[in-house]
Colleague: 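First the structure, then my questions, so here it is.
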Amino acid sequence: MFKTLAPRTSEDDAPKPAASPGEPESERLKAAVAAWVASADDDDSERESEPESAAEPEDAVEAEPESELEREPESEGVESDAPAGEESTGEESTGEADEEPADVSADASAEAAADASVEDGTPDESWFAARKPSEGEKPAADDEPADVEATSGEAISVEAISVEATSGEATSGEPSVDDEPVDQPTAMFKIVRPPVAPAVDQPTTALKLPPGLREDFDSERTSTFVPLRADIPAERKAEAAQAAPNAPQAQEAPKAPAPAPRAATGAPKAPVAAEAAPVPPASLVEAERTRQQPLPPLPPLDLLAELTNTPPPKPNALRTTVRRVRIWTPLVVLLLIVFAIVQMVRPLPAPALTLSASPTFTFEGGALKMPWPTEGQGAVEVEGVGSMGLYGPQKPAPIASVTKTMTAYVILRDHPLKGSQKGPEIEIDKKAAEQGKAEHESTAAVQEGQTYTQKELLELLMIPSANNVARLLARWDAGSEAAFVEKMNAAAKELGMTQSTYTDPSGLLDSTVSTPRDQLKLAKAVMQYDVFREIVNMPNVTVDGIPGRIENNNNILLEPGVSGIKTGSSTPAGGNLLWSANTVVDGETRRILGIVMGAKDADQLGEKLQLAIDNSLKLIQQAQKDVTSAAVVRKGQVLGYIDDGLGGRTPVVATKELKAIGWPGLQVKLELTNGGKAVPHAGKAGDIVGQVSIGTGVGKVSAPVALRSDLVEPGFDKKLTRLG
């Protein structure tokens with residue numbers, strides 16, 4: 001509300017007639033109000049002549065929830081506590097100032113009466129009766145002059161009194177005895193706002209766009225405030241849900257009375273009271289807790305369609321296939337790339353040298369025919385090539401003085417001699433001198449206190465087969481004969497002589513037994529010593545301190561190519577000979593080893609020994625005749641290939657001719673190896689990459705092999721497609 005003062009006119013300066021003492025004060029008020037109403041009619045007539053757009057203020061100004069001209073009336077019979085210049089909004093007071101006065105609650109009948117009284121220029125008594133305060137109600141003493149908003153924009157001032165409008169109850173028109181003259185400038189009245197465009201000066205007033213522009217601007221759309229519901233416990237919700245079907249329907253809020261019809265003279269309508277705001281139902285007062293379970297996650301395409309506000313296409317077989325292809329194709333491509341990288345960086349498999357030629361070669365001439373004795377047992381072997389055959393039961397039997405071969409082996413193993421060395425000096429003890437005088441065994445006539453070298457004692461051991469020297473060497477080497485026997489048996493196990501047992505160093509005891517195969521194993525080991533081969537190949541020997549020349553019992557040594565090894569004879573053992581012979585094949589000497597055991601087809605022991613020697617000579621001569629050589633590998637022959645592990649094969653060839661030692665019917669094996677070096681992944685033609693060999697030990701022959709063409713690493717396609 002604001003105060004307006006009307007300009008001073010000449011009528012105000014003119015002397016006014018004094019009121020008669022009997023004229024009541026209410027008459028003067030009626031006259032003043034009638035004059036104000038008349039001026040309001042003139043303003044209305046001017047507004048009606050203006051364009052229609054100016055006469056419709058509702059299109060220009062918008063109320064916050066309702067129109068400026070519509071407010072919720074207060075309860076009938078209850079005095080409003082809002083001060084002048086404020087109005088009630090129908091809800092709790094917000095504290096904001098409104099443009100309309102708080103007491104615009106006069107009913108339409110009183111306004112209609114006022115309009116009717118204006119037509120003849122005299123106020124109507126009924127109008128004042130309607131505006132008079134009810135009984136027991138006193139006018140406010142502190143009322144201020146009301147602010148008047150002129151529709152044309154000009155401020156007017158009138159002299160009026162405060163009028164308290166009630167809910168339509170009329171009061172008596174007689175003046176009260178307590179009425180006092182009212183100071184006109186300080187008098188206050190509540191103006192009825194005509195239906196014209198109000199002045200927009202409140203910050204809370206929203207402007208409305210013209211109806212034609214509202215459709216184009218969605219941002220100007222008004223929204224409706226919906227209060228949040230408070231959190232209601234589950235028990236109260238259940239009770240409300242049960243009582244809801246039986247509860248009476250909520251009554252609608254009373255609406256404001258319809259405005260009074262305008263008089264024929266075009267008097268302004270009475271202000272329209274605002275309709276009561278709808279009361280939200282009880283279910284909307286408090287917020288409701290949701291009890292829904294969370295939905296499962298959407299598929300990727302459906303989620304994408306929801307985010308982009310695009311509905312997913314209707315599924316079908318083709319679209320499903322295309323979608324799967326689009327999803328899986330990048331994954332498959334990525335896996336292929338990773339697989340290719342892994343295949344390229346993986347280490348290549350180690351190349352292998354593989355034999356492609358026939359692994360065996362059979363010598364021509366048919367089966368070998370050896371003159372095997374009809375008694376005893378024996379065997380023949382070409383060192384480094386293989387066995388030419390054996391005969392007899394191949395069971396352990398007494399070997400007599402052949403035992404001294406193991407004695408010499410242990411002495412040379414523990415005290416080796418090289419080149420021209422003769423070894424340490426060994427003194428002849430009393431026991432050896434006394435045993436040298438024995439008549440029923442072979443001995444050497446040595447004297448106590450004499451000294452002999454290790455080599456000289458070995459000569460006396462192997463050539464005349466002196467038993468007393470064998471026992472002397474055993475004591476010298478191990479401290480006692482028993483300890484030396486243990487060393488003999490240990491050496492036999494090391495050589496693989498599983499069927500041999502030694503009980504004395506000389507072989508005099510029948511408990512010392514062995515087999516032909518075990519003795520050939522010992523012969524191959526002991527013949528590796530140069531000193532031993534030299535001694536056993538001597539037909540006779542001269543030793544200082546012993547008179548005369550000592551003859552070898554093995555008279556077979558006089559035959560061509562025969563070179564030892566040891567004879568042995570006894571009544572239980574019969575005649576025995578462990579021999580060695582040589583043959584020359586392709587300019588190279590090949591050693592042939594053999595043994596004849598158990599020759600007993602004679603009357604005397606010497607004859608039995610000679611029978612063993614004769615049988616051995618027949619075997620030696622046949623072996624020397626049959627052992628030959630044959631070209632197993634020719635120069636340039638493809639023997640195999642290098643397999644790179646990924647399917648690539650590069651052939652290898654022999655660099656020279658390779659001959660093997662054998663005899664008719666013998667099958668020899670070819671072995672292709674890398675020669676102790678790693679097979680390369682790449683190389684040029686002619687590079688040596690391995691060797692081919694035939695035989696074992698000293699009879700082994702070999703030749704290098706080389707690449708026939710360039711060796712290259714596997715290509716990209718092989719690396720990529722390898723699975724192993």
Colleague: Does N576 use its side chain to pair, donor to acceptor, with the backbone of S569 at less than 3.5 Å?
Modeller: no
Colleague: Distance from R471 atom CZ to D504 atom CG, nearest 0.5 Å?
Modeller: 7.0 Å
Colleague: Return the CD1 to CG distance between I595 and L578, rounded to the nearest 0.5 Å.
Modeller: 5.0 Å
Colleague: At their closest point, which heavy atom of F532 faces which heavy atom of T405, and how far apart are they?
Modeller: CZ-CG2, 4.2 Å
Colleague: Closer than 3.5 angstrom, by distance alone: can the side chain of Q394 be matched with the main-chain N or O of G378 as a donor-acceptor pair?
Modeller: yes
Colleague: What pairs with T567 under side-chain hydrogen bond (donor to acceptor under 3.5 Å, both in side chains), at least two apart in sequence or on another chain?
Modeller: none
Colleague: Without hydrogens or angle criteria, can the side chains of S702 and S693 be said to hold a donor-acceptor pair below 3.5 Å?
Modeller: no
Colleague: Does any non-hydrogen side-chain atom of L670 lie less than 4.5 Å from one of P359?
Modeller: no
Colleague: Evaluate the side-chain proximity of V627 to I661: yes if any heavy-atom separation is below 4.5 Å, no if none is.
Modeller: yes
Colleague: Given the rule in the side chain to side chain contact (heavy atoms under 4.5 Å, CB included) test, do E427 and E425 qualify, once you have shown the distances and angles that lead to the verdict?
Modeller: CA-CA 7 Å; E427 183 179 357; E425 297 283 341; over 6 Å; no
Colleague: Less than 3.5 Å apart, any donor N or O on the side chain of D643 or T354 sitting next to an acceptor on the other?
Modeller: no
Colleague: For S570 and D510, does a side-chain donor sit closer than 3.5 Å to a side-chain acceptor?
Modeller: no
Colleague: If you define the side chain from C-beta out and look only at heavy atoms, does anything of L672 sit under 4.5 Å from Y641?
Modeller: no
Colleague: Do any N or O atoms from the side chain of T443 and from the backbone of N468 form a donor-acceptor pair under 3.5 angstrom?
Modeller: no
Colleague: Out of curiosity, L473 CG to I411 CD1, how far, rounded to the nearest 0.5 Å?
Modeller: 5.0 Å
Colleague: When you check the gap from the basic side-chain N to the acidic O, do R413 and E494 get nearer than 4.0 Å?
Modeller: yes
Colleague: Classify the side-chain pair N555/Q610 by whether it contains a donor and acceptor separated by less than 3.5 Å.
Modeller: yes
Colleague: Can you find a pair of side-chain heavy atoms, one from L353 and one from I642, that are under 4.5 Å apart?
Modeller: yes
Colleague: Can you name the closest pair of heavy atoms from A470 and L461 and give their distance?
Modeller: CB-CD1, 3.4 Å
Colleague: Could you measure the distance from the CH2 atom of W663 to the CG atom of L368? Nearest 0.5 Å is fine.
Modeller: 7.5 Å
Colleague: Between V380 and Q622, is a side chain to side chain contact (heavy atoms under 4.5 Å, CB included) present by the stated rule, with each step listed?
Modeller: CA-CA 11 Å; V380 178; Q622 185 64 39; over 6 Å; no
Colleague: Using modelled atom types and a 3.5 Å cut-off, is there a donor and acceptor pairing between side-chain atoms of Q343 and backbone atoms of K719?
Modeller: yes
Colleague: Is the shortest side-chain heavy-atom distance between L658 and V632 below 4.5 Å?
Modeller: no
Colleague: Take K659 and V701 through the side chain to side chain contact (heavy atoms under 4.5 Å, CB included) test and state the conclusion after the steps.
Modeller: CA-CA 8 Å; K659 291 184 177 182; V701 291; over 6 Å; no
Colleague: Are I546 and L460 packed together at the side-chain level, in the sense that at least one heavy-atom pair is separated by less than 4.5 angstrom?
Modeller: yes
Colleague: In plain terms, say whether K431 and E481 are close enough for a salt bridge, that is, a side-chain N and a carboxylate O under 4.0 Å apart.
Modeller: yes
Colleague: Please report the shortest heavy-atom distance between T362 and Q667, naming the atom on each side.
Modeller: OG1-CG, 3.0 Å
Colleague: So, the side chain of S356 versus the backbone of L639: is there a donor-acceptor pair under 3.5 Å, distance only?
Modeller: yes
Colleague: Just do the side chain to side chain contact (heavy atoms under 4.5 Å, CB included) check on V541 and E456 with the steps written out, would you?
Modeller: CA-CA 10 Å; V541 64; E456 290 176 339; over 6 Å; no
Colleague: Testing the basics here: between T721 and D717, what is the closest heavy-atom pair and its distance to 0.1 Å?
Modeller: OG1-O, 2.7 Å
Colleague: Any chance you could measure F361, atom CZ, to I694, atom CD1, to the nearest 0.5 Å?
Modeller: 8.0 Å
Colleague: Is any side-chain heavy atom of D530 closer than 4.5 Å to a side-chain heavy atom of E534?
Modeller: no
Colleague: When you measure from the side chain of D518 to the backbone N and O of Q499, does any donor-acceptor pair fall under 3.5 Å?
Modeller: yes
Colleague: Do you see a donor-acceptor pair shorter than 3.5 Å between the side chains of K404 and N467?
Modeller: yes
Colleague: Among R517, K521, K524, which residue satisfies the salt bridge (Lys or Arg N to Asp or Glu O under 4.0 Å) criterion with E381?
Modeller: K524
Colleague: Take atom CZ in R533; do more than 12 heavy atoms of anything else shown fall under 6.0 Å from it?
Modeller: yes
Colleague: Ignoring hydrogens, what is the shortest heavy-atom contact between E441 and L508? Give both atom names and the distance.
Modeller: OE1-CD2, 4.0 Å
Colleague: Which distance, rounded to the nearest 0.5 Å, do you find between the CD of Q447 and the CD1 of I428?
Modeller: 9.5 Å
Colleague: Does Q691 use its side chain to pair, donor to acceptor, with the backbone of T673 at less than 3.5 Å?
Modeller: no
Colleague: Within a 6.0 Å radius of atom NZ on K669, are there more than 12 heavy atoms belonging to other residues, nucleotides or ligands?
Modeller: no
Colleague: Is a side-chain donor or acceptor of S563 paired with a backbone partner of N537 at a separation under 3.5 angstrom?
Modeller: no
Colleague: Does the side chain of K566 pick up a donor-acceptor pair with the side chain of S465 at under 3.5 Å?
Modeller: yes
Colleague: Test your reading of the model: is there a side-chain donor-acceptor pair from E375 to the backbone of K600, 3.5 Å cut-off?
Modeller: yes
Colleague: Given 3.5 Å as the limit, does a donor-acceptor pair link the side chain of D644 with the main chain of P351, or not?
Modeller: no
Colleague: Write down the atom of A478, the atom of F484, and the distance for their closest heavy-atom approach.
Modeller: CB-N, 3.5 Å
Colleague: I'd like to check W579 versus I613 (side-chain heavy atoms, cut-off strictly below 4.5 Å). Are they in contact?
Modeller: no
